[in-house]
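Below, all heavy atoms of this structure are taken into account, side chains as well, without hydrogens, waters or symmetry copies. Nothing here was measured: the structure is a model prediction, and the numbers come from that model. Numbers here are sequence positions counted from 1.
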Amino acid sequence: MVKSGTIILNTAARLLMPLQLLFSIFLLLRGHDEPGGGFIAGLVAAGAFTLYLFAFGVSATKEVLRMLDPRDLIGMGLLLGMISVVPAWFMGEAFLTAQWWTIPGIDFKASTPLIFDIGVYLAVLGSVLTMVMTLMEVDKDEP
């Protein structure tokens with residue numbers, strides 16, 4: 001079993017986790033116009049939580065996630081991915097045709113590709129966290 005908690009790793013995790021999560025949101029929102037998107041943003045966010053996991057352990061990471069189980073993130077992501085195809089049906093257009101809406105006041109363009117990217121983000125984040133947490137818990141149980 002690997003003992004977590006060196007002072008350098010703890011300090012780095014506390015400083016880098018918020019920055020990585022902020023960068024993952026930047027990648028997510030930039031993705032439908034330029035390089036980036038839900039998959040790479042989900043991997044960056046998973047890297048932030050994995051760094052925290054290595055520094056502080058599984059129980060502390062679950063505490064940071066609060067009530068969210070990583071498997072629930074997978075389900076929410078898949079649900080959002082499926083919901084992103086519905087607006088095209090209501091508009092009478094072909095399946096998976098992108099729809100765009102401008103949100104007044106903040107001049108932000110919401111779209112079905114963004115909804116799909118958020119779904120991919122959550123599914124990737126949940127998948128990676130489930131795998132890493134399961135591996136850490138199994139490692140903890142071995143003598």
Side-chain angles (χ1 to χ4, degrees), residues 1-91 95-143:
M1 180 170 87
V2 176
K3 182 179 184 222
S4 60
T6 66
I7 192 163
I8 295 172
L9 183 60
N10 289 352
T11 305
R14 283 194 184 123
L15 293 175
L16 291 177
M17 185 180 174
L19 294 174
Q20 281 183 285
L21 291 175
L22 188 64
F23 183 61
S24 77
I25 298 298
F26 167 75
L27 286 173
L28 175 68
L29 295 177
R30 170 188 159 126
H32 61 276
D33 291 327
E34 295 181 28
F39 187 79
I40 190 64
L43 288 177
V44 170
F49 283 108
T50 302
L51 176 64
Y52 194 86
L53 177 78
F54 288 158
F56 299 105
V58 176
S59 58
T61 305
K62 286 183 178 179
E63 202 172 294
V64 167
L65 289 171
R66 308 234 159 126
M67 302 295 257
L68 285 176
D69 185 20
R71 291 175 291 188
D72 294 339
L73 292 175
I74 298 169
M76 286 189 295
L78 292 174
L79 181 66
L80 277 177
M82 292 305 297
I83 287 173
S84 70
V85 303
V86 174
W89 283 348
F90 287 127
M91 301 301 281
F95 186 67
L96 289 175
T97 302
Q99 303 294 315
W100 298 84
W101 310 278
T102 301
I103 298 174
I106 59 173
D107 196 34
F108 180 76
K109 292 187 179 182
S111 64
T112 53
L114 179 61
I115 295 169
F116 182 79
D117 273 344
I118 292 171
V120 170
Y121 177 86
L122 292 174
V124 168
L125 177 60
S127 298
V128 173
L129 285 179
T130 299
M131 287 185 282
V132 173
M133 283 184 173
T134 302
L135 288 172
M136 290 288 287
E137 287 171 346
V138 168
D139 186 44
K140 181 175 63 175
D141 293 340
E142 291 181 0

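Nearest approach of A46 to V128, heavy atoms of both residues: CB-CG1, 3.5 Å. I74 approaches S127 most closely through the heavy-atom pair CG1-N, 3.5 Å. Of all heavy-atom pairs spanning G126 and L73, the tightest one is CA-CB, 3.9 Å. Closest approach of A110 to I103, counting heavy atoms only: CB-CD1, 4.1 Å. In terms of heavy-atom proximity, L80 sits nearest to G119 at CB-CA, 3.8 Å. Here the closest non-hydrogen pair linking E137 and V58 is OE2-CG1, 3.4 Å.
Atom CD1 of I8 sits in a sparse spot, with 12 or fewer heavy atoms from other residues, nucleotides or ligands closer than 6.0 Å. Heavy-atom neighbours of W101 CH2 from other residues, nucleotides or ligands within 6.0 Å: above the threshold of 12. The environment of F49 atom CZ is dense: over 12 non-hydrogen atoms of other residues, nucleotides or ligands sit within 6.0 angstrom.
Interatomic distance, CG of D69 versus OG1 of T130, reported as 6.5 Å (0.5 Å rounding). Atoms OG1 and CH2, from T97 and W89 in turn, are 12.0 Å apart once rounded to the nearest 0.5 Å. Distance check, rounded to the nearest 0.5 Å: CD1 of I83 to CG of L79 gives 4.0 Å. From L114, atom CG reaches atom OH of Y121 across 12.5 Å, with rounding to the nearest 0.5 Å. A distance of 11.0 Å separates CD1 in I7 from CG in L9, rounded to the nearest 0.5 Å. One finds the CG atom of L78 at 9.5 Å from the CG atom of L122 (value rounded to the nearest 0.5 Å).
Within the 4.5 Å cutoff, the side chain of L43 has heavy atoms near those of the F39 side chain. Under the 4.5 Å side-chain criterion, counting only non-hydrogen atoms from C-beta, D117 is in contact with L28. In this structure the side chain of M17 reaches within 4.5 angstrom of the side chain of V64, judged on heavy atoms. For the pair Q99 and S111, the minimum side-chain heavy-atom distance is 4.5 Å or more. Between V86 and F90 there is a side-chain heavy-atom pair separated by less than 4.5 Å. When side chains are defined from C-beta on, T50 does not count as touching M136, because their heavy atoms never get closer than 4.5 Å. At a threshold of 4.5 Å between non-hydrogen side-chain atoms, the residues P70 and L65 count as touching. Side chains of T11 and L15 form a contact here, defined as non-hydrogen atoms less than 4.5 Å apart.
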> How far apart are the C-alpha atoms of K62 and L68, what are their side-chain angles, what is the distance that settles it, and do they pass the side-chain contact (heavy atoms from CB on, under 4.5 Å) test?
Replying inline: CA-CA 8 Å; K62 286 183 178 179; L68 285 176; over 6 Å; no
> Between V132 and L53, does a side-chain contact (heavy atoms from CB on, under 4.5 Å) hold up when you go through it step by step?
Replying inline: CA-CA 9 Å; V132 173; L53 177 78; 3.0 Å; yes
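Aromatic ring orientation, F56 versus Y52: tilted (interplanar angle from 30° to 60°).
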